[in-house]
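Presented below is the structure to which this report refers.
Just follow the structure's listing: the first ligand is 1, and inside any ligand the first atom is 1. Please read these numbers as outputs of a predicted model, since none were measured by experiment.
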Amino acid sequence: MRRKIVAGNWKMNTTPVEGVELAKNVVAGKGGVCSCVDFIVCPPFTHLSEVIKVVRGSGIAVGAQNCAAEEKGAYTGEVSAKMIASLGAEYVILGHSERREYYGETSATLNKKMVQAYANQLVPIYCVGEKLAEREAGKHFDVVKAQIEEVVFNLTDEQFSKLIIAYEPVWAIGTGKTATADQAQEMHAFIRQVLASKFGEKAAETPILYGGSCKPSNAKEIFAKEDVDGGLIGGAALVADDFLAIGKGFEK
Ligand code: PEP
């Protein structure tokens, strides 16, 4: 039985005060959602500490949106995995398409970030996904396969057993265009097959989340698919009721 996960990527939104308010509202409404759903919130670094305090005891976990590729030292402006973990965060999003696109993150960078994450007991939520032109050229499977092979295949079996994957077609992020439930299932099943080619049966336990304009109105249909184990939510995670309603997408 795979975990059902709804993770919120707040991106560069909310002030610390607003973020605390949002977290409080998520905590307050969580009781209305099946306890079978694991919620994770990923605020900006500046709010991690306060948000961790707010969610303590609620069953909601906290993640960061990124971490440094290096352990420590003269890397102005960077935040290390150790710093993040020392606050009590448990997860880190790595390889988000916005980081790949705007900050030039490559598989080489991401391999280093993975090392840092695991060395500090942070569970990576590793994002993969193709751009629109790549899908239109029929290259989407190849792109996603390479993103997995170049990074995930370097993990040990033990590290892999903790990993969460998020499939986020770049053309669906923040655009209002969602992949159809069938498109999501097709890619998720493919990802699982790629993972199984390296890690065997363990791949059956890897949570694979869908991300890209997921909202309360489409979550249920997408989450009903066999290989979709939840969502990585951007815009809709900024409204507590919407974020929680997405979690209700698992209810029959
Ligand atoms: C994201 O960036 O992880 C994401 C899924 O964004 P949105 O839900 O806004 O498309």
task = Just let me know how A172 lines up against ligand 1, side chain, backbone, both or neither, with a heavy-atom cut-off below 4.0 Å.
result = backbone
query = Tell me, which protein residue and heavy-atom name are nearest atom 3 (O) of ligand 1, and how many Å apart are they?
reply = E168 OE2, 2.7 Å
ask   = Backbone or side chain, does any N or O of G211 fall under 3.5 Å from an N or O of ligand 1?
value = no
query = To which protein heavy atom is atom 1 (C) of ligand 1 closest, and what is the distance rounded to 0.1 Å?
reply = H96 NE2, 3.2 Å
key: Test of proximity, G234 against ligand 1: N or O pairs below 3.5 Å   = yes
ask   = Taking non-hydrogen atoms only, is N9 closer than 4.0 angstrom to ligand 1 via side chain, backbone, both or neither?
value = side chain
inquiry  = Under 3.5 Å between any N/O of K11 and any N/O of ligand 1: does that happen in this structure?
reply    = yes
task = Anything under 30° is parallel, anything over 60° is perpendicular, the rest tilted; go ahead and classify F153 against F199.
result = perpendicular
request  = Drop me the distance from L163's CG to Y126's OH, to the nearest 0.5 angstrom.
outcome  = 9.5 Å
inquiry  = Below 3.5 Å, N or O to N or O, backbone or side chain included: is there any such pair between L232 and ligand 1?
reply    = no
query = Aromatic ring centroids of F39 and F243 under 6.0 Å?
reply = yes
note = protein heavy-atom neighbour closest to atom 9 (O) of ligand 1 works out as G235 N, 2.8 Å
